[in-house]
Amino acid sequence: MPTKLLVANRGEIAVRVIRAARELGIRTVAVHSTADRDGLAVRLADEAVEIGPAQATKSYLNAQALLDAAKSTGADAIHPGYGFLSENAAFAEAVTRAGLIFVGPSAEAIRRMGDKAAARAAAMSADVPTVPGSDGVVESVDEALRIAGTIGYPVMIKASAGGGGRGIRIARDAAELTQVMPVAQGEAQAAFGNGAVYLERFIGRARHVEVQILGDGHRVVHLFERDCSLQRRRQKVFEEAVSPALDEATRQRLCKSAVRLAEAVGYAGAGTLEYLYDADTAEFFFIEMNTRIQVEHPITEMITGVDLVREMLKIAGGNRLGLAQEDIVRRGHAIEVRLNAEDPDRNFAPNPGRIEGLTWPGGPGVRIDSMLYPGYAIPPFYDSLLAKLIVWDETRDAALNRLGRALDELRIDGVKTTASLHRRLVDDADVRAGRVDTNWLERWMQPTA
Amino acid sequence: MARHELLSPLPGTFYRRPSPEAPPFVAVGQTIAAGTVVGLVEVMKTFNEVQAETGGTVVEILVENEDAVEAGQALLIVEA
């Protein structure tokens, strides 16, 4: 087990990691930029080291400054949190080379699963479904028809040089594909100066589901799935465990596929395998793996009773997994909402400022993961996540009621937050019914003409 | 000639260029009009354009690329 842990992050996740370390009797070192001197992590840690100026590139992303801070404080392990250097294979390697423990998977695993093509190949060889598509560029209509026949309609024709949703055409059947294929090639040429296109199955009502796993390099267990379909600009805003869309048989198949893939790559640490779930066909497709702890990990902790960050530290210390799959039993339903310093009434404009007053909700089944305290000035240099409100109850409906109750108790004065958006979501009929997909929230927010 | 300070509307990180390889939005000696974009301020990972309120000649740029700036801090001086 590490004896002194440097937390190479800031904000709520630095606080979360410090809490886990303290409970294990591990001493903690917080690092901070000049803008984060008053951070809660700095106050909670046993020691703090200033590592650079406000800009993340010169502080939290400065690998040498982090290694120097570990050396000067005598830390023997580094937890990267999420974001920043958490999925940087070179950093993981540098930490290990400095004789320290990197609390996460090996650099090799980060590299392999962080590369989309390599991860897709690993998934296919572990018999885990991926989004059906052409292997590379499709040249002719005949070739497109043949491939579409095997991947299934509707299909997307995507410009190889496109991205971010641009350069996409959809064909619902062979006749439409015959007609649209040359158009798509022409458009790709005109828009991107490159007419190359490829095919992929079009999933009209996709849900984002992801499986939490823990591995020790020999054995992997899953901790069920999370559903993060409510997204704005591809950013998750509202997550729940488990997914209301899956039946038990599908859930078992999904979670077992994640274990299979993680075991195939000898994964050690906490990780999340992200999938698209097609609500129309009840199929799931692996898209990528996050080789770190995730923002929404607390909902998994709430339904399983497993402290994921504690497990990460134990695994990093060289311990075998103490949990067998049958030890992990889920109970009830958990929801997390992200309280961001953004104004939902002004197109989510960022809203840094000082916390003038703060009342957290309490009572049964309510958890807050946050770095806020009254008087805290939120620096403008980092992301806008202020707090995560997590609720648990025996059923999904009860959890939604509890979330509404907790949001009614919550008061954050001084800055605008996304709490008001979440309060409206709680009472929405589609949210209540679990009838959402990854585009639902943006449709819902469109002003009705 | 009136000297006018152009202030940052927001706190955050100031960028003189639209992207690392691109030339700066404005340079000393350049004549700008009201509404000319003179830089970006990144606030919580969103980028906001800073526009000149009045036209004139840029005589001094007071902040470096990627400097941390406060709301209301002078970014450059324009003479009209």
Side-chain angles (χ1 to χ4, degrees), chain A residues 10-12 32-39 50-62 82-84 232-237 295 338-344 346-355 371-372 376-387 414-418, chain B residues 4-28 30 32-54 58-78:
Chain A
R10 62 175 305 283
E12 70 87 19
H32 64 91
S33 71
T34 54
D36 275 337
R37 284 176 187 141
D38 296 326
E50 192 166 289
I51 49 163
Q55 298 88 327
T57 47
K58 297 171 186 161
S59 48
Y60 300 105
L61 291 167
N62 182 344
Y82 53 66
F84 295 130
R232 180 183 165 269
R233 295 193 176 166
R234 295 170 190 248
Q235 298 295 307
K236 300 165 187 170
V237 302
V295 176
R338 299 193 189 190
L339 303 173
N340 293 343
E342 295 166 8
D343 184 351
R346 285 184 48 232
N347 196 28
F348 295 84
N351 214 265
R354 189 175 295 276
I355 302 300
M371 77 299 204
L372 296 188
Y376 176 63
I378 302 154
F381 308 105
Y382 313 104
D383 76 52
S384 58
L385 181 65
L386 298 181
V415 295
K416 295 274 200 305
T417 77
T418 48
Chain B
H4 177 79
E5 283 186 339
L6 204 158
L7 309 180
S8 178
L10 296 159
T13 305
F14 181 74
Y15 294 93
R16 283 196 59 198
R17 309 162 186 278
S19 66
E21 309 80 36
F25 286 103
V26 293
V28 170
Q30 189 176 332
I32 59 171
T36 299
V37 175
V38 302
L40 300 173
V41 176
E42 179 189 356
V43 190
M44 295 179 156
K45 296 186 173 174
T46 56
F47 291 86
N48 302 271
E49 289 184 345
V50 183
Q51 298 182 354
E53 291 148 31
T54 55
V58 178
V59 294
E60 200 176 343
I61 296 173
L62 304 166
V63 286
E64 297 291 323
N65 192 48
E66 291 186 33
D67 266 3
V69 297
E70 306 275 347
Q73 182 178 337
L75 301 175
L76 44 94
I77 296 175
V78 178

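Throughout, a chain's letter reflects where its sequence line sits, starting with A, and its residues are numbered from 1.
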What part of A56(A) lies closer than 4.5 angstrom to a heavy atom of chain B: side chain, backbone, both or neither? neither
Correct closest heavy-atom pair for M44(B) and P379(A) would be CE-O, 3.8 Å
Heavy-atom closest contact (G12(B) atom, F381(A) atom, distance): O-CE2, 3.4 Å
Could you pull out every donor-acceptor pair under 3.5 Å between chain B and chain A?
unit_1 : atom_1 : unit_2  : atom_2 : d
M44(B) : N      : P380(A) : O      : 2.7
E66(B) : O      : Q55(A)  : NE2    : 2.1

Hey, could you give me each pair passing side chain to side chain donor-acceptor pair (under 3.5 Å) that has a residue in residues 18-28 of chain B? Not counting sequence neighbours. none
Which bit of L385(A) is near chain B, if near means a heavy-atom gap under 4.5 Å: side chain, backbone, both or neither? neither
